[in-house]
Amino acid sequence: MAPRSDTSKRLSELRMKHGRPPASPLEPKAEKAETLREAQPRFRGLESGHRACQGCGEALAARLVMESAGPDVMVANATGCLEVFSTPWPQSAWRVPWIHSLFENSAAVASGMEAAMKAKGKNTKVLSFGGDGGTYDIGFQALSGMLERHHNVLYVTYDNEAYMNTGIQRSSSTPHAATTTTSPAGKERMGKRHLKKDLLSIIAAHHIPYAASASVAYPADLQRKVRYAMGVEGPTFLVIHSPCPLGWRHDSALTVEVARRAVQCGLFPLVELERGALTNIMPIREPRPVADYLELQGRFAHLFRKDDYRAQEELDHLQALADHNIETYGLKGEGLDPMDSTGMSHVRRGGPLAGRS
Amino acid sequence: MVQLTRGTWAQAGTSLDFKTGNWRSTQRPVHVHAKAACHAACPAGEDQQAWFALLQEQKVQDAWVSLVHANPMPGVTGRVCPHPCETACNRTGVDGALAIHNVERWLGDEAVRLGWDYPVEPPAANAPTVAIVGAGPGGISAAYHCVRLGMKAEIFEALPEAGGLLRSAIPPTRLPRNALDGELNRILDLPGITLNTRQRLGRDLTIDGLRAQFAAVLLSPGCELPKHWSVKGAVPADLHEGLQLLRDFMDHGALPDAAKGDVIVHGGGNTAMDICRIMKRAGAKSVTLITASGLPGPGTAPDDIINVVPRELEEAQEEGIEIIDHATVSRLIMKGSRVTGVEIVSLKKEAGKDGRKRRVEFEGTERVVSVDMVVPCVGEQVEPEAFEGYLDGAYFWPDNPFGRIADRVFAIGDARGNRGTVAAAIGDGRLAAEAVAAELSGEADPFADERPVMELDGLNTAYYAGSSRARVAKLPVSERTFEAEIEGPISRSEALAEAQRCLSCGNCLACDNCWTMCPDNAVIKTTELAMDGSHYVFDYDYCKGCGLCVQECPTGYIQSVPETA
Ligand SMILES: Cc1cc2nc3c(=O)[nH]c(=O)nc-3n(C[C@H](O)[C@H](O)[C@H](O)COP(=O)(O)OP(=O)(O)OC[C@H]3O[C@@H](n4cnc5c(N)ncnc54)[C@H](O)[C@@H]3O)c2cc1C
Ligand SMILES: Cc1ncc(C[n+]2csc(CCOP(=O)(O)OP(=O)(O)O)c2C)c(N)n1
Ligand code: SF4
Ligand code: SF4
Ligand code: SF4
Ligand code: SF4
Ligand SMILES: [Mg+2]
């Protein structure tokens with residue numbers, strides 16, 4: 001489906017205002033941009049100057065989402081890193097209407113915003129953002145209600161697999177065996193004892209038009225999913241795997257590499273569901289051992305201790321979980337596929353290879 | 001100071017007031033255009049990455065123009081160069097080196113076929129004239145670069161025709177004469193180049209005479225004097241030295257009668273390889289090459305590999321040439337003054353007491369074979385006659401990259417003892433011309449290009465799709481003659497597809513990765529070229545120095561440097 005408001009007067013006004021190139025030759029060009037930054041051929045919904053850590057996966061993910069969703073959107077944002085690093089009073093990194101209320105109610109606030117827009121006869125799309133804590137855990141019932149009431153909202157959860165903003169506490173999204181401050185690896189336990197919650201299946205059970213997982217390692221795929229969701233009338237849901245160099249304890253330069261390996265080993269499957277049915281997956285060309293993914297991160301360092309007999313067992317457990325994902329979703333690719341976990345990365349002169357004819 | 005009231009809200013995008021760039025503590029990303037590995041390895045100085053980039057944009061003629069900025073004879077080098085560029089190519093470690101020489105040859109042939117103009121202007125009437133001795137590849141390249149740099153060139157060649165060893169020694173099966181002439185004549189026809197044939201320095205001219213008359217003198221006489229060869233003092237009466245045999249064969253197509261029998265060729269370079277193949281094709285019963293070097297293989301040190309074009313070696317073996325490597329001729333068995341057999345002994349380069357390698361013969365490995373002819377191919381040196389006072393032993397040994405051996409006198413090509421390829425002669429010609437141009441306009445010698453080389457470990461190969469090297473047809477052994485070219489051409493579509501395989505080592509390919517993946521929006525894309533030639537600018541006001549773009553840049557064009565630098 002084509003982006004809904006491409007021809008609307010409002011969108012072209014916004015394009016002018018934000019210095020975005022015209023959508024069609026008929027649309028007037030933006031007035032001459034003053035600076036290189038203003039002349040960027042993309043919408044900068046989340047601007048520079050935000051206080052995210054170096055190499056923050058969540059900042060990257062949100063920037064990518066805003067680029068393909070904006071400019072005709074408004075955002076409800078749950079408490080968490082994204083909210084905190086983007087809006088240190090009196091500044092804001094957002095260039096769209098943006099509301100923060102509580103940790104637990106982003107989806108409820110978004111529901112109200114959407115109803116208000118509807119009442120005003122506007123079709124500005126409402127986005128609802130939350131971390132994994134704000135989504136898998138405390139905001140879950142607000143989210144479930146929003147989906148059930150069928151609001152026209154795109155909910156995005158930035159999954160960095162712990163409560164990062166308050167100092168790396170475990171969430172129901174923290175993967176099995178990861179160390180956090182509340183699931184420390186040590187004599188008693190090898191990190192978190194429980195499993196990562198399979199949120200997507202729960203979302204799917206709401207029978208909503210569209211739900212998908214994405215990763216910062218595959219920006220083109222991520223942005224395609226955002227654009228697709230923007231075109232859907234009704235509730236849509238996106239979970240984005242967003243490495244956190246601080247909480248996962250990896251080099252800030254490796255954010256994308258870590259995310260890529262998570263997909264390539266099968267621990268973070270990239271899938272799309274419509275009305276609860278699996279409609280698309282990103283196949284894995286050659287599944288990598290989970291150890292390739294885990295070894296880059298300090299939160300799994302205890303799994304590589306040669307002097308602890310439990311380490312190998314947990315590694316094998318994580319490998320089994322990855323294999324299970326590959327099996328359940330049918331992720332094993334067959335031959336070369338430009339849209340698989342290897343092909344999607346490929347570039348050539350002038351840009352990404354996938355999706356080009 | 002902003003006055004904040006209770007009802008105030010933050011204005012959109014106001015975080016720009018907060019310059020997160022001051023969070024960078026140790027490292028910052030910068031654009032570094034490192035040398036591609038192929039470029040660093042090319043003796044002619046071609047920047048293959050640059051012309052492949054143009055081919056990737058389908059700009060075929062521009063690619064050729066970029067190429068001939070360094071090497072005016074791609075049709076020749078594409079056929080005869082041992083292509084160290086391909087050995088160095090970073091794609092070797094992925095799925096096979098780029099077929100650089102094949103694409104180079106295709107570009108050269110296209111230029112001849114379509115008559116593309118060399119990127120030179122006619123020199124001014126009063127432009128300085130440079131004298132060039134020898135019209136081999138070194139001299140031709142020097143003349144071309146003189147004209148490219150606004151000077152005139154006057155070439156003096158002893159033989160009736162230009163081309164040097166390209167014409168007199170390299171067999172047409174490797175370099176068809178129409179391909180050679182097509183390219184050579186277009187260069188010689190350039191305005192500002194004069195060729196004087198049958199003019200021999202030493203006989204018709206002197207260096208000092210030329211120095212008095214011309215702005216500078218460039219010497220590219222090659223090596224004409226065979227090095228002395230004997231086995232423990234013995235020399236057969238009917239000795240035929242390899243290069244001379246080859247030249248005679250080129251001139252009148254005949255070989256001595258003994259070449260019909262069992263032949264041993266002693267040596268290890270291109271001459272040895274070519275004469276082996278010609279004698280075999282002319283009907284020798286057997287041809288065996290005895291070489292002190294090793295055949296390429298996992299166990300052979302790079303400095304020990306036989307110094308020939310790799311595919312020539314393959315083809316020679318296909319054609320039935322026997323090769324005994326790591327061996328030498330230790331004794332000639334003579335009947336009167338005629339050779340009837342040779343004794344062969346194994347040997348290898350071993351490090352001596354001082355650490356320097358020398359050849360050690362292994363006692364007890366001697367074996368005797370009967371032969372009808374032994375052909376030494378142990379190399380040549382400069383014919384000293386014309387160059388008294390300038391030679392340093394057998395060769396010229398300039399102490400600078402430009403070849404300067406005296407005031408405004410330069411030596412290039414094979415006459416410098418450590419050269420030996422067409423590409424090296426071409427590169428020397430360019431460097432000498434550049435030094436002359438600088439000197440004549442009162443400038444210092446040009447800067448050496450000391451940029452770092454981009455190796456495979458500096459690339460992020462996750463971003464490159466696999467694709468295999470173009471395969472080129474070869475004449476089957478049964479159809480090989482003395483004339484027909486053995487290696488086939490590649491088509492336009494194959495050449496363009498091959499160009500797409502280039503990884504753009506060390507130079508931006510505008511993939512947008514950095515622009516797409518910076519979490520801080522600190523990479524700015526520009527329509528105009530940025531100062532470094534890319535389309536991207538770092539906004540250090542906001543770059544936090546995370547290093548993500550450094551890691552995800554496929555080409556290594558973004559590098560991390562200490563913040564203080
Ligand atoms: C059989 C053979 C095969 C080879 N195959 C290859 C190959 O496959 N690939 C490769 O890269 N290289 C090959 N080479 C080496 C290559 O040919 C030389 O490195 C290259 O030709 C050197 O160029 P040059 O200009 O220095 O000298 P030359 O090509 O030797 O040219 C010197 C010219 O100077 C002229 N001259 C000499 N003395 C005087 C004088 N006193 N006055 C006036 N003119 C003079 C000569 O007549 C000649 O034309 C081969 C060499 C041989 C012998
Ligand atoms: C009701 C309530 N409980 C606790 C908090 C404290 N708190 C703020 S952010 C946060 C964690 C956020 O984690 P997550 O949603 O995963 O987002 P992240 O910071 O990891 O992006 C917590 C516990 C709060 N703001 N409100
Ligand atoms: S001249 Fe030789 S080394 Fe240079 S590009 Fe051509 S084949 Fe490669
Ligand atoms: S991939 Fe291209 S730039 Fe890199 S070494 Fe090979 S030819 Fe040169
Ligand atoms: S990704 Fe952005 S913030 Fe990080 S080093 Fe590069 S330009 Fe700086
Ligand atoms: S990431 Fe891509 S666009 Fe950016 S500098 Fe490297 S090659 Fe160029
Ligand atoms: Mg979190």
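A note on names: the letters A, B, ... follow the listed sequences, proteins ahead of strands, and every chain is numbered from 1. In this text the structure is predicted, and so the values were computed from the model without any measurement.
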* **Contact winner vs chain A - B:Ser560, B:Gly13, B:Cys549, B:Cys543, heavy-atom pairs under 4.5 Å** => B:Gly13
* Going through the distances and angles, do B:Val103 and B:Ile490 end up as a side-chain contact (heavy atoms from CB on, under 4.5 Å)? -> CA-CA 7 Å; B:Val103 182; B:Ile490 59 175; 3.8 Å; yes
* Structure fact -> The interface call for B:Lys525 against chain A, heavy-atom contacts under 4.5 Å, is both
* chain A heavy atoms under 4.5 Å from B:Asp541: which part of the residue, side chain, backbone, both or neither? -> neither
* Asked: Of the listed residues (B:Cys508, B:Cys518, B:Pro554, B:Gly21), which shares the most heavy-atom pairs with chain A below a 4.5 Å separation?
  -> B:Cys518
* Asked: Do you know which of B:Pro519, B:Gly547, B:Cys502 has the most heavy-atom pairs under 4.5 Å to chain A?
  -> B:Pro519
* Any side-chain donor near an acceptor of the partner, A:Trp94 and A:Thr87, under 3.5 Å -> no
* Asked: Does any heavy atom of chain B fall under 4.5 Å from the side chain of A:Arg37, the backbone, both, or neither of them?
  -> both
* Asked: Would you find a donor on one side and an acceptor on the other, under 3.5 Å apart, between the side chain of B:Gln49 and the backbone of B:Ser504?
  -> no
* Asked: Pick from B:Asp520, B:Thr555, B:Val550: which one has the most heavy-atom pairs with chain A under 4.5 Å?
  -> B:Asp520
* To do: Answer with side chain, backbone, both or neither: which region of A:Leu64 has an atom nearer than 4.5 Å to a non-hydrogen atom of chain B?
  => side chain
* To do: Any pair with a residue in residues 242-252 of chain A that passes side chain to side chain donor-acceptor pair (under 3.5 Å), sequence neighbours left out, goes on the list, sorted by first then second residue, please.
  => none
* To do: Identify, with sequence neighbours excluded, every residue that meets salt bridge (Lys or Arg N to Asp or Glu O under 4.0 Å) alongside A:Asp221.
  => A:Arg224, A:Lys225
* B:Gln58 and B:Arg492: which non-hydrogen atoms are nearest, and at how many Å? -> OE1-NH2, 4.4 Å
* To do: Measure A:Arg260 against the heavy atoms of chain B and call it side chain, backbone, both or neither at under 4.5 Å.
  => side chain
* **Greatest number of heavy atom pairs closer than 4.5 Å to chain A - which of B:Gly545, B:Cys546, B:Cys511** => B:Cys546
* chain A contact via B:Gln11 - side chain, backbone, both or neither, heavy atoms under 4.5 Å -> backbone
* Measure from the side-chain N and O atoms of B:His39 to the backbone N and O of B:Glu46, and report whether any donor-acceptor pair falls under 3.5 Å. => yes
* Asked: Which pair of heavy atoms, one from B:Ser66 and one from B:Leu54, lies closest together, and at what distance?
  -> CB-CD1, 3.8 Å
* Run the salt-bridge test on A:Glu295 and A:Arg261 with the 4.0 Å N-O cut-off and return the result as yes or no. => yes
* Structure fact -> If you tally heavy-atom pairs under 4.5 Å between each of A:His50, A:Glu47, A:Gln54, A:Arg51 and chain B, the highest tally belongs to A:Arg51
* **Ring-face cation of B:Arg28 near B:Tyr540 (centre distance under 6.0 Å, axis angle within 45°)** => yes
* For B:Gln27, is it the side chain, the backbone, both or neither that has a heavy atom under 4.5 Å from a heavy atom of chain A? -> neither
* Structure fact -> From the list B:Thr20, B:Asp539, B:Ile524, B:Asp512, the residue making the most non-hydrogen contacts under 4.5 Å with chain A is B:Ile524
* Heavy-atom distance under 4.5 Å to chain A: side chain of B:Trp515, backbone, both or neither? -> both
* To do: Against chain A, label B:Phe18 side chain, backbone, both or neither, depending on which of its atoms sit under 4.5 Å from a heavy atom there.
  => both
